[in-house]
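Taking it in order: structure first as structure tokens, then the write-up.
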Amino acid sequence: MNQKEIRVRFAPSPTGPLHIGGVRTALYNYLFARKNGGKMILRIEDTDQTRFVAGAENYINEAFNWCGIEFDESIEKGGEYGPYKQSERKHIYKDYAEQLINSGNAYYAFDTTEELTKIRSEFEAEKKTFIYNAIERKNLRNSLTLSKEETKKLISDGEAYVIRFKMPEDETVVMNDLIRDRVEVNSSVLDDKILFKSDGMPTYHLANIVDDHLMKISHVIRGEEWLPSLPLHVLLYDAFGWEKPEFAHLPLLLKPDGNGKLSKRDGDRLGFPVFPLEWTDPKTGNVSAGYREDGYFPQAFINMLALLGWNPGDERELFSMEELIEAFSIERVGKSGSKFDLEKAKWFNHQYLVKENNETLAELLMPIVIKNGVTVNQEKLSEIIALVKERATFVADLWGQVDFFFIRPKDYDAKAVKKRWKANSYDLMLELKELLSSFEDFESDIVENAVKQWIEANEYGMGAVMNAFRLLVVGALKGPHLFDIVAMIGQEETLERIDQGLNELGRKE
RNA sequence: GCACCGUUCGUCUAGUCUGGUCAGGACGCUAGGUUUUCAUCCUAGUAACACGGGUUCAAAUCCCGUACGGUGUACCA
């Protein structure tokens, strides 16, 4: 037995709002952790201080909070492997970088950015690719080409330096990925990546490996964009002599038109949100749409996202978070990228809206009702919602389905009038009004029975009466069962609407 | 350019490991039905194994090649 504890992490960089690809990565990590009784860690990777964006970290927390993705260890929650923010772990990394130098796996390099840019463009001019590798590093200024004394002097003189990984010259690196199985690459095409920057901060590669090791991460589940740096990471674990975690590289979320990784800009261009929550850029003031603000239920959002790249192997599509946890397995994650489909996302939301109970929907709709100057109690609104909710995708759509319960028709749909307001409609409605005013009890089925009897007895025709009636009550040929509507608005209001309609539409010649 | 990853209906996907079902489901779309109307709903239809070779009695499935797409190639993550 002696099963190792399952520990996974989601490690965003606070350089802006988290987009749905990131949310999905976090979700899969979360599902995997919960499914296997493991722990889920949130680590903020802010080693690049030049890209810091105010509010991003807060956004990340709020987004996960909305989605229902919980962390066991994080900045807020704490945990025994903290701190959970890399800038606060700054002091840790230098020692590890030096450990690698001492073991001959890394070296100091004194090249400036300008020098390297120049060399790269020279190579490019000759149509060659510059790789900072075992061959090129022999021609550059670093602790491998310089003597020990020179190196020491440069450093003590305050010369800027970075620490680079000493990539083996010609070695096959074999890696295993839970989704892609075996992947191999020869180290000769890899370059001596910078591990430690001249500003005293580690790069992603170093910080990531050190933190994953220190935080006892058992499974690294991350986006496919990291697959090319997996060899480096594997070699780094080996250089430290540490046990490697399992790796799983998730396929990317693609833009709906054409191909390519879904990017932050695509949302505005294509008219759908790429962010869970609305985001206002602190510099430009630009506002990007969010699923929450667009009216999606977090459960629908999560459900939709979970099925983008994973499936349970059977034909179920509707999953609560609990059901997702139960059904999830990393092996059933696909290999190829998936395009986001707005129509399917809407369909998911519709499913959740229909399932949602009427009282909750009434509560959510109430602000919109009030904004439209209508006063109604929640109980009555719930009853009305019950009649119409299958027609809506979003809570906001509901208003367009219920407004005529509260507001008399201001005008009458021209097409409907043309089609259904016939020469005899006026007299028919006049007679119907007489009939309706005779009721003591204005219940839906009582009125319905009586009206139907009256139609049959006089052979007026169901369509002729009902369509004209609906036109006067609703103002258009839409809406739920008409007798439910009139029962809901009441006898007096119904009669007044008939009067108003008769006035407005008049007798057709 | 180089390296790596990928490729089943328009989209999300099942099936591929362990060759042998009319290649299944969902969204969308189209048509019909239900309804007093619209929507929902129901039924039906639509449409795919990237291409070329090979192995085999038999290939979406195994092998090789090609094409296409993606990712990476920063003192970004």
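Each chain gets a letter, A, B and so on, in the order its sequence line appears, and its residues count up from 1. All values reported here derive from a predicted model rather than from experimental measurement. Just the heavy atoms: all of them, side chains too, but no hydrogens, waters or symmetry mates, feed the values below.
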Choose from [options] the nucleotide whose nearest atom is closest to any side-chain atom of [X].
{"X": "Val183(A)", "options": "C4(B), C41(B), A3(B)", "result": "C4(B)"}
{"X": "Leu227(A)", "options": "C5(B), C38(B), A77(B)", "result": "C5(B)"}
{"X": "Arg51(A)", "options": "U73(B), C76(B), G28(B)", "result": "C76(B)"}
{"X": "Arg470(A)", "options": "U40(B), U36(B), C76(B)", "result": "U36(B)"}
{"X": "Leu252(A)", "options": "U73(B), G70(B), A77(B)", "result": "G70(B)"}

Quick one: side chains of residues 411-419 of chain A, donor-acceptor pairs under 3.5 Å with protein atoms, not counting sequence neighbours, listed by atom name and distance.
| from | atom 1 | to | atom 2 | distance (Å) |
| --- | --- | --- | --- | --- |
| Tyr412(A) | OH | Gln500(A) | NE2 | 3.1 |
| Asp413(A) | OD2 | Ala416(A) | N | 3.1 |

Could you tell me how far [M] sits from [N] if I compare only their [atom1] atoms? Round to whole Å.
{"N": "C62(B)", "M": "C5(B)", "atom1": "P", "value": "16 Å"}
{"N": "C51(B)", "M": "U7(B)", "atom1": "P", "value": "14 Å"}
{"N": "A60(B)", "M": "G6(B)", "atom1": "C1'", "value": "16 Å"}

Base versus backbone protein contacts along nucleotides 6-19 of chain B [heavy-atom cut-off under 4.0 Å; B, S, -]: SS---SSSSS----
If the condition is side chain to side chain contact (heavy atoms under 4.5 Å, CB included), which residues does Glu383(A) pass it with, not counting sequence neighbours?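 Expected list: Glu379(A), Met488(A).
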Could you check Asp211(A) against Tyr84(A) for side-chain hydrogen bond (donor to acceptor under 3.5 Å, both in side chains), going step by step and ending with a plain yes or no? CA-CA 9 Å; Asp211(A) 286 347; Tyr84(A) 292 92; over 6 Å; no
Is the Tyr59(A)-Trp279(A) ring centre distance short of 6.0 angstrom?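 Under 6.0 Å, so yes.
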Taking only N and O in the side chain of [X], is any of them less than 4.0 Å away from OP1 or OP2 of [N]?
{"X": "Lys197(A)", "N": "C76(B)", "value": "yes"}
{"X": "Lys261(A)", "N": "G72(B)", "value": "yes"}
{"X": "Ser229(A)", "N": "U73(B)", "value": "no"}

Taking atom types as they are modelled, is there a donor-acceptor pair under 3.5 Å from the base of U36(B) to the side chain of His481(A)?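 Flag set: donor-acceptor pair detected.
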